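For reference, positions follow the sequence shown, starting with 1. First listed ligand is number 1; within each ligand, the first listed atom is number 1. Everything quoted here is computed from the prediction, not taken from an experiment.
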Amino acid sequence: MKLLLLSTPERARAWQPLFDAAGETLVVGEDAVTDPAEITHIACWMPPADPGRYPNLRAVISTGAGVDQMPALPPGVALTRTIAPGIDELVRDWVVMATLMLHRDMPRYLEQATQGDWRAHPIRAAASARVGIMGIGRIGRAAASTLSALGFDVAGWSRSGEPVDGIAIHGQSDLPAFLARSDLLICLLPLTGETRGILDDRLFVGLPENAALIHAGRGAQLDMNALGRALDSGRLRAAMLDVTDPEPLPQDHWAWRDPRVIITPHVAAQTDATEGARHALAVIEASRTGVPLPGFIDRARGY
Ligand code: NDP
Ligand code: OXD
């Protein structure tokens, strides 16, 4: 088996010793491929323009947690996403930070600070705030567990409605009830045909007055104009976004200058190189032994 890595030189330098230690072959960059028929795996954010050039390709490994950026692959080539505890922990931390910032009125205090305005507003305990997490998978569960430990009243929404210990779960058809109890709405959904544009006018209307949005899923899930309308109508009081539509958000976009919106440039997580290499090695090992590939993407579901 040979893995072709399409990534930065820094990532390649971190992967090489781990592949050497595992006795696996790493090929860095398409220019280094001598015989395309030897390549069995490709690890990349975006695959090469012509994956069909590799007749024995078994799997493409997304170096991130998401796969929505991947074009269609040739039939018979599996798609996997990187499973790494570090990704879950980093996004959890960003989500917890954003939740606390919005719960404790930071957008308002940051704006007051620009005017030297020393004014206090009422403080509410975490237990009085209802958090709703859309997408209660690996990352959503990690966030739910920490936010619950901080005292927030946490519920989750998922496609299957599968139970999660200690968290009230709403299934897909139960979205209205879930939204109606979400003072702080967190989006951690994968981008699929079903979730594209899900954060729209209709959804925001279902939230309690003065709710807040925390978005770390994918930019294309959020209608930015609907966000503006929800802020202006008072349905939302604030939002914290790690992902936007488009990315990068143009310099002259209204959201950069709106004090109710805090934006970070898609930095909730970056895949740790060592964890990425370990995941790729686990995929190769699974291919060799014929067990299910870690992070395998069900194409019909899209995640
Ligand atoms: P998982 O696959 O573990 O979890 C996905 C969750 O979303 C599951 O609960 C799933 O429900 C639910 N879901 C999927 N589709 C729907 C739908 N149509 N309706 C309702 N629920 C749905 O993913 P992760 O937690 O690992 O990651 C989630 C996303 O976070 C990634 O896809 C990526 O977009 C984003 N991300 C963002 C990062 C950043 O830096 N901002 C970094 C890493 C990830 P069920 O379990 O029932 O199938
Ligand atoms: C990812 C991301 O998918 O960084 O890993 O968004």
min-distance protein heavy atom vs atom 48 (O) of ligand 1 -> Tyr303 OH, 2.4 Å
Close residues (non-hydrogen atom under 4.0 angstrom from ligand 2) work out to Trp45, Gly64, Ala65, Gly66, Arg218, His266, Ala269
Between Trp157 and ligand 1, does any nitrogen or oxygen pair lie at a separation below 3.5 Å? no
### Arg138, any N or O under 3.5 Å of ligand 1 N or O
yes
Residue, atom and distance of the protein heavy atom nearest atom 31 (C) of ligand 1 read Pro190 CA, 4.3 Å
min-distance protein heavy atom vs atom 47 (O) of ligand 1 -> Ser160 OG, 2.5 Å
Counting from 1 in the order shown, the ligand 1 atoms closer than 4.0 Å to a non-hydrogen atom of His266 are 39 (C), 40 (O), 41 (N)
* Asked: Are there more than 12 heavy atoms of other residues, nucleotides or ligands under 6.0 Å from atom CZ of Arg196?
  -> no
The closest protein heavy-atom partner of atom 13 (N) of ligand 1 is Leu189 CD2, 3.7 Å
For Ile87, the atoms of ligand 1 under 4.0 Å from one of its heavy atoms are 43 (C)
**Message:** Does ligand 1 come near enough to Ala216 that some N or O of the ligand is less than 3.5 Å from an N or O of the residue?
**Reply:** yes
Sorted by chain and number, sequence neighbours left out, salt bridge (charged side-chain N to carboxylate O under 4.0 Å, His left out) with Arg81 holds for none
For atom 28 (C) of ligand 1, the closest protein heavy atom turns out to be Leu188 O, 3.3 Å
Between Arg301 and Tyr303, is there a donor-acceptor pair closer than 3.5 Å when you use the side chain of the first and the backbone of the second? yes
Rounded to the nearest 0.5 Å, the CZ atom of Arg237 sits from the CG atom of Leu207 at a distance of 11.5 Å
Interatomic distance, CZ@Arg92 vs CZ@Arg138, rounded to 0.5 Å, equals 12.0 Å
State yes or no: do Leu222 and Leu102 share one hydrophobic cluster built from I, L, V, M, F, W and Y residues joined by side-chain heavy-atom distances below 4.5 Å, directly or via other members?
-> no
Among Ile139, Thr82, Val95, Ile169, the residue with a heavy atom nearest to atom 44 (C) of ligand 1 is Ile139
**Prompt:** Short question: side chain of Asn56, backbone of Ala37 - any donor-acceptor pair under 3.5 Å?
**Reply:** yes
(Q) Any heavy-atom pair between the side chains of Pro107 and Pro259 that's under 4.5 Å? (A) no
A student checking ligand 1 against Gly217 at a 4.0 Å heavy-atom cut-off should list atoms 34 (O), 35 (C), 37 (C)
To atom 26 (O) of ligand 1, the nearest of Arg92, Arg159, Arg81 on a heavy-atom basis is Arg81
Going by the 4.0 angstrom heavy-atom rule, the piece of Asp242 near ligand 1 is side chain
Practice item. Kindly confirm or rule out an N or O of Thr192 lying under 3.5 angstrom from an N or O of ligand 1. Key: no
Counting heavy atoms under 4.0 Å, the part of Met134 that contacts ligand 1 is neither
Quick note on ligand 1: atoms under 4.0 Å from a heavy atom of Ala65 include exactly 43 (C), 44 (C)
Check: Do ligand 1 and Gln172 have nitrogen or oxygen atoms that lie under 3.5 Å from each other?
Finding: yes
Checking His215 side chain against Arg218 main chain: does a donor-acceptor pair fall under 3.5 Å? yes
Assess whether atom CG of Asp165 is packed by more than 12 heavy atoms of other residues, nucleotides or ligands within 6.0 Å. no
Examine distances only and state if a side-chain atom of Ser182 and a backbone atom of Leu185 form a donor-acceptor pair shorter than 3.5 Å.
no
Closest to atom 33 (C) of ligand 1 among protein heavy atoms sits Arg218 NH1, 3.6 Å
**Asked** Under 3.5 Å, is there a donor-acceptor pair between the side chain of His103 and the main chain of Arg124?
**Response** yes
Review point. Considering only heavy atoms from C-beta outward, does the side chain of Leu199 approach that of Leu227 to under 4.5 Å?
Key: no
- Donor-acceptor contact present, side-chain Arg181 to main-chain Ala177, <3.5 Å: no
Between Gly137 and ligand 1, does any nitrogen or oxygen pair lie at a separation below 3.5 Å? yes
Quick note on ligand 1: atoms under 4.0 Å from a heavy atom of Glu194 include exactly 17 (C), 18 (N)
Residues joined to Val27 in its hydrophobic cluster, side chain to side chain under 4.5 Å directly or through other members, sorted by chain and number, are Leu4, Leu6, Val33, Ile39, Ile42, Tyr54, Leu57, Val60, Val67, Met70, Leu73, Val77, Leu79, Ile297
Fit a plane to each ring of Tyr109 and His121, take the angle between them on a 0 to 90° scale, and name the class: parallel (under 30°), tilted (30 to 60°) or perpendicular (over 60°). tilted
I'd like to know if the side chain of Ser62 pairs up with that of Gln69 as donor and acceptor (distance under 3.5 Å, no hydrogens or angles considered). yes
The closest protein heavy-atom partner of atom 9 (O) of ligand 1 is Ile136 N, 3.0 Å
The answer for which part of Leu90 has a heavy atom under 4.0 Å from ligand 1 is neither
Query - Nitrogen or oxygen of Ala269 less than 3.5 angstrom from that of ligand 1 - result: yes
Hits for ring pair (Phe, Tyr, Trp, His ring centres under 6.0 Å) against Phe19, two or more places apart or cross-chain, chain-then-number order -> Trp15
- Message: What I want to know is whether Val91 and ligand 1 share at least one N or O pair that is separated by under 3.5 angstrom.
- Response: no
